[in-house]
There are 2 protein chains.
Amino acid sequence: MPKYGRGSCWWAGRFRGGGYRLTMPRQSILEVLDNASKHLSAEDIYLAVHKIYPNVGLTTVYRTLDLLVQMGLVSKLDFGDGRARYELSESSKGVKQHHHLVCTGCNRVIDYTDFIDEEIKLLGRIEKELSKKFNFKITNHLIRFYGLCNECQNKK
Amino acid sequence: MPKYGRGSCWWAGRFRGGGYRLTMPRQSILEVLDNASKHLSAEDIYLAVHKIYPNVGLTTVYRTLDLLVQMGLVSKLDFGDGRARYELSESSKGVKQHHHLVCTGCNRVIDYTDFIDEEIKLLGRIEKELSKKFNFKITNHLIRFYGLCNECQNKK
DNA sequence: GTATAATTGAAAATGGATACCATTACCAAT
DNA sequence: ATTGGTAATGGTATCCATTTTCAATTATAC
């Protein structure tokens with residue numbers, strides 16, 4: 001009997017195809033991410049997984065997240081508060097892309113999807129030109145706004 | 001005789017006006033930033049300052065940088081390699097804005113000014129709308145591209 | 001000068017992330 | 001089924017940029 005059961009989830013194929021094993025820790029980390037409504041830190045994920053599978057270690061969470069990022073299934077986000085956050089990448093979920101609005105007061109993050117099409121269009125155009133000019137193979141871009149949220153404007 | 005000489009630099013007024021003292025450590029940190037041709041880490045700055053004023057501590061460098069960022073004289077940049085970089089903010093230098101192209105292979109950063117006007121225009125428009133929609137007081141934005149530089153594409 | 005508050009710096013603490021390494025799970029070929 | 005090789009795991013120790021602490025020093029107002 002295999003110790004690690006195999007779910008039949010949409011990501012299973014990505015693992016097989018990449019030559020990676022879909023183990024229980026990986027499976028459960030993906031499930032946590034799939035059910036998350038917000039961006040989770042590595043520790044958030046560790047705690048959530050740990051509740052169900054207490055023998056999954058923090059190291060494995062970090063390693064798995066790195067792997068998932070490398071596979072393109074997960075996006076690693078750094079909002080500048082000293083700990084990275086992770087979310088299923090949009091292409092994975094088949095969801096409309098979004099960008100972020102970050103409150104520098106309380107670190108709250110708001111996802112927005114407005115103007116995304118315009119943003120993507122401009123970015124795509126710039127990307128093409130910059131690639132040529134600097135001989136850079138661009139893989140990723142970032143648009144983000146920083147400021148104070150409703151609550152933090154009225155504090156102090 | 002004051003131990004800390006006072007330069008008559010453009011930033012002196014900003015200090016006085018803000019109720020801050022313009023001390024020698026602060027003065028020298030600003031000079032290092034002013035002469036820098038690239039983004040410097042806190043340690044870079046510490047070493048540069050330390051060469052001239054060996055009794056300036058790393059703690060003070062960090063504290064001063066925080067202050068300068070808060071005053072708007074300096075921009076803090078996080079390229080994801082685990083240490084922050086600092087540069088005089090464009091408005092301080094009266095220079096054309098630029099954005100960054102970051103190599104995920106070697107962490108090299110290329111500044112580009114192409115398309116900046118278009119970027120700024122779009123960002124300004126979006127900014128206005130998002131401010132209204134989320135009641136967010138936006139203070140800052142970020143556009144950045146990640147990828148592999150010329151050298152890193154050919155490695156491996 | 002003196003008082004007062006700001007500023008400093010050395011050392012210690014913090015905390016997210018990583019390296020190390022012995023152990024375990026998986027898979028393919030016998 | 002057994003085996004041998006490789007991938008994956010998890011606990012601990014460690015790294016390292018950044019903060020905190022706190023006593024000593026310095027700048028400014030009086």
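Below, read A as the first sequence line, B as the second, and so on, with proteins coming before strands; counting in each chain starts at 1. Values below: all heavy atoms of this structure, side chains included; hydrogens, waters and symmetry mates excluded.
Between the CG atom of B:Asp44 and the C1' atom of D:dA17 there is a distance of 13 Å, given to the nearest Å. Going from atom CZ of B:Phe15 over to atom C1' of C:dT7 covers 12 Å, rounded to whole Å. Rounded to whole angstrom, the span from the CE atom of A:Met24 across to the P atom of C:dT24 amounts to 19 Å. Atoms CZ (A:Arg63) and C1' (C:dT24) sit 12 Å apart, rounded to a whole Å. Taking atom CG on B:Asp78 and atom C1' on D:dC16, their separation rounds to 15 Å, with Å as the unit. Computed from coordinates, the B:Tyr46 OH to D:dT18 P distance equals 14 Å when rounded to whole Å. For B:Asp66 and C:dT8, the CG to P distance is 12 Å, given to the nearest whole Å. Between the CG atom of B:Asn55 and the P atom of C:dA10 there is a distance of 8 Å, rounded to whole Å.
Contact record, A:Asp34 with A:Leu88: OD1-CD1, 3.3 Å, taken as the closest heavy-atom pair.
Listed by chain and residue number, B:Val32 satisfy the side-chain contact (heavy atoms from CB on, under 4.5 Å) test with B:Ala48 (two or more places apart in sequence, or in another chain). Checked against ring-ring contact (aromatic ring centres under 6.0 Å, His included), A:Tyr46 has the following partners two or more places apart in sequence or in another chain: A:His50. Applying the ring-ring contact (aromatic ring centres under 6.0 Å, His included) test to A:Tyr146 and every residue at least two apart in sequence or in another chain returns nothing. By the side-chain contact (heavy atoms from CB on, under 4.5 Å) test, B:Ser28 pairs with B:Val49, B:Tyr53, sequence neighbours left out. Evaluation of the side-chain contact (heavy atoms from CB on, under 4.5 Å) rule for B:Thr59 yields B:Arg63 as partners, not counting sequence neighbours. Under the salt bridge (charged side-chain N to carboxylate O under 4.0 Å, His left out) criterion, B:Asp81 pairs with B:Arg85, not counting sequence neighbours.
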Identify all pairs in which a protein N or O lies below 3.5 Å from an N or O of nucleotides 12-16 of chain C, and state each distance.
unit_1, atom_1, unit_2, atom_2, d
C:dG16, OP1, A:Arg83, NH2, 2.2
C:dG16, O3', A:Gly82, O, 3.3

Which atoms of nucleotides 2-7 of chain D (N or O only) lie under 3.5 Å from a protein N or O atom, and what are those distances?
unit_1, atom_1, unit_2, atom_2, d
D:dA7, O4', A:Arg21, NH2, 3.3

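Pairs passing the ring-ring contact (aromatic ring centres under 6.0 Å, His included) check and including a residue from residues 13-42 of chain A, sequence neighbours excluded, read A:His39-A:Phe79, A:His39-A:His100. Evaluation of the salt bridge (charged side-chain N to carboxylate O under 4.0 Å, His left out) test over residues 111-120 of chain B, restricted to residues two or more places apart or in two chains, returns A:Arg125-B:Glu118, A:Lys133-B:Asp114, B:Lys96-B:Asp117.
Ion pairing of A:Lys76 with A:Glu87 is absent here, as no side-chain N (NZ or NE/NH1/NH2) approaches a carboxylate O to less than 4.0 Å.
Taking 3.5 Å as the limit, the base of C:dA6 and the side chain of B:Thr23 contain no donor-acceptor pair of atoms between them.
With the end axes of the helix from C:dG1-D:dC30 to C:dT30-D:dA1 each set by five pairs, the angle from one to the other reads 30° at 10° resolution.
Comparing B:Arg85 and A:Thr64 along DNA chain D, the residue whose closest nucleotide (by nearest heavy atom) sits nearer the 5' end is A:Thr64.
Hydrophobic cluster of B:Leu148: no remaining members, since no ILVMFWY side chain lies below 4.5 Å from it.
In this model, the phosphate group of C:dT8 is not approached by any side-chain N or O of B:Thr59 to a distance below 4.0 Å at OP1 or OP2.
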